[in-house]
Amino acid sequence: MSIQNAIGPRSAPKEFMGGYLDMLALVERLHRLLLDVIKDEFERVGVLEINAVQALLLYNIGDNEVTAGELKSRGYYQGSNVSYNLKKLVEMGFMHHERCEIDRRSVRVRLTQKGREIRDVVGDLFARHAEGLESRNMLDFNAMEDNNASLRRLERFWSDQIRYIY
């Protein structure tokens, strides 16, 4: 049985389907490019002990104190990836961890000074990018907001597929 037969006939117009597949490929490429840009920045500043995924994790945690479950529920990371990377970041001194007083099974993490320095490198990189995009008129604010709204709708659609279809 082919995949097509298993999922039923496609009803989306060919043009829409093509656009959707282009968008999926672009989202995937953009994520990989973002990780490459972060990796290059860390190579430029001489920080070689941390990878781009870990740096982005530190950036997303910011000044918060969180659990791995909270990071997963926010949709940032897959479970095994977040657990592995949090463990590594604690071992390398980028994060503190401690058991929750209420639920002893849960571990809360927060950035150390070393982790905040990494967060700041990523934040400075993003600020330079925002300034460059704006100064070169590559994206205006309204276009960016329209893109963000479209991506949020896609995120909501995919989340609903996971919650309600399966």
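Residues take their numbers from the sequence shown, with the count starting at 1.
Atom CD1 of residue I61 and atom CD of residue E70 lie 10.0 Å apart, to the nearest 0.5 angstrom. Interatomic distance, CZ of R108 versus CE of M95, reported as 11.0 Å (0.5 Å rounding). Of the inter-residue distances, the one linking E117 atom CD with F94 atom CZ reads 9.0 Å to the nearest 0.5 angstrom. Taken to the nearest 0.5 Å, the CZ atom of F42 stands 10.5 Å off from the CG atom of L48. In this structure, N51 CG and I38 CD1 are separated by 10.0 Å, a value rounded to the nearest 0.5 Å.
With a 4.5 Å cut-off on side-chain heavy atoms, M92 and Q54 count as touching. At least one side-chain heavy atom of E145 sits less than 4.5 Å from a side-chain heavy atom of N148. Side-chain contact between L58 and V122: absent, with no pair of heavy atoms (C-beta onward) separated by less than 4.5 Å. The shortest distance between side-chain heavy atoms of I50 and L89 falls below 4.5 Å. A 4.5 Å side-chain heavy-atom check between L111 and I118 finds every atom pair outside the cut-off. Residues L125 and V37 meet the side-chain proximity criterion, which asks for heavy atoms closer than 4.5 Å. Residues F157 and R153 are not in side-chain contact: their nearest non-hydrogen atoms beyond the backbone lie 4.5 Å or more apart.
The side-chain contact (heavy atoms from CB on, under 4.5 Å) test applied to H96 returns R110, T112, not counting sequence neighbours. Listed by chain and number, the residues in a side chain to side chain donor-acceptor pair (under 3.5 Å) with S159 amount to none (sequence neighbours excluded). For Y20, the ring pair (Phe, Tyr, Trp, His ring centres under 6.0 Å) criterion is met by no residue, not counting sequence neighbours. Applying the ring pair (Phe, Tyr, Trp, His ring centres under 6.0 Å) rule to Y59 yields the partners F126; only residues at least two apart in sequence or on another chain are considered. Qualifying side-chain contact (heavy atoms from CB on, under 4.5 Å) partners for D140, counting only residues two or more places apart in sequence or in other chains: N142, A143. Considering only residues two or more places apart in sequence or on other chains, L35 meets the side-chain contact (heavy atoms from CB on, under 4.5 Å) condition with H31, A52, V53, L56. For E134, the side-chain contact (heavy atoms from CB on, under 4.5 Å) test picks out no residue, with sequence neighbours left out. By the side chain to side chain donor-acceptor pair (under 3.5 Å) test, R152 pairs with no residue at all, sequence neighbours left out.
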Show your reasoning for whether side chain to side chain contact (heavy atoms under 4.5 Å, CB included) applies to L24 and L21.
CA-CA 5 Å; L24 294 178; L21 293 175; 4.1 Å; yes
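Every pair tested for ring pair (Phe, Tyr, Trp, His ring centres under 6.0 Å) that includes a residue from residues 129-151 fails, sequence neighbours excluded, so the list is empty. Sorted by first then second residue, the side-chain hydrogen bond (donor to acceptor under 3.5 Å, both in side chains) pairs that include residues 32-42, not counting sequence neighbours, are E28-R32, K39-E43, E41-R44, E41-R128. Sorted by first then second residue, the salt bridge (Lys or Arg N to Asp or Glu O under 4.0 Å) pairs that include residues 49-63, not counting sequence neighbours, are E49-K114, D63-R119.
No single ILVMFWY cluster, assembled from side-chain heavy atoms under 4.5 Å apart, contains both L133 and L151.
Other residues, nucleotides and ligands place more than 12 heavy atoms under 6.0 Å from the CD atom of Q113.
Applying the under-4.5 Å side-chain rule to Ile, Leu, Val, Met, Phe, Trp and Tyr, the cluster around L30 extends to L26.
Here the closest non-hydrogen pair linking N64 and N60 is ND2-O, 4.5 Å.
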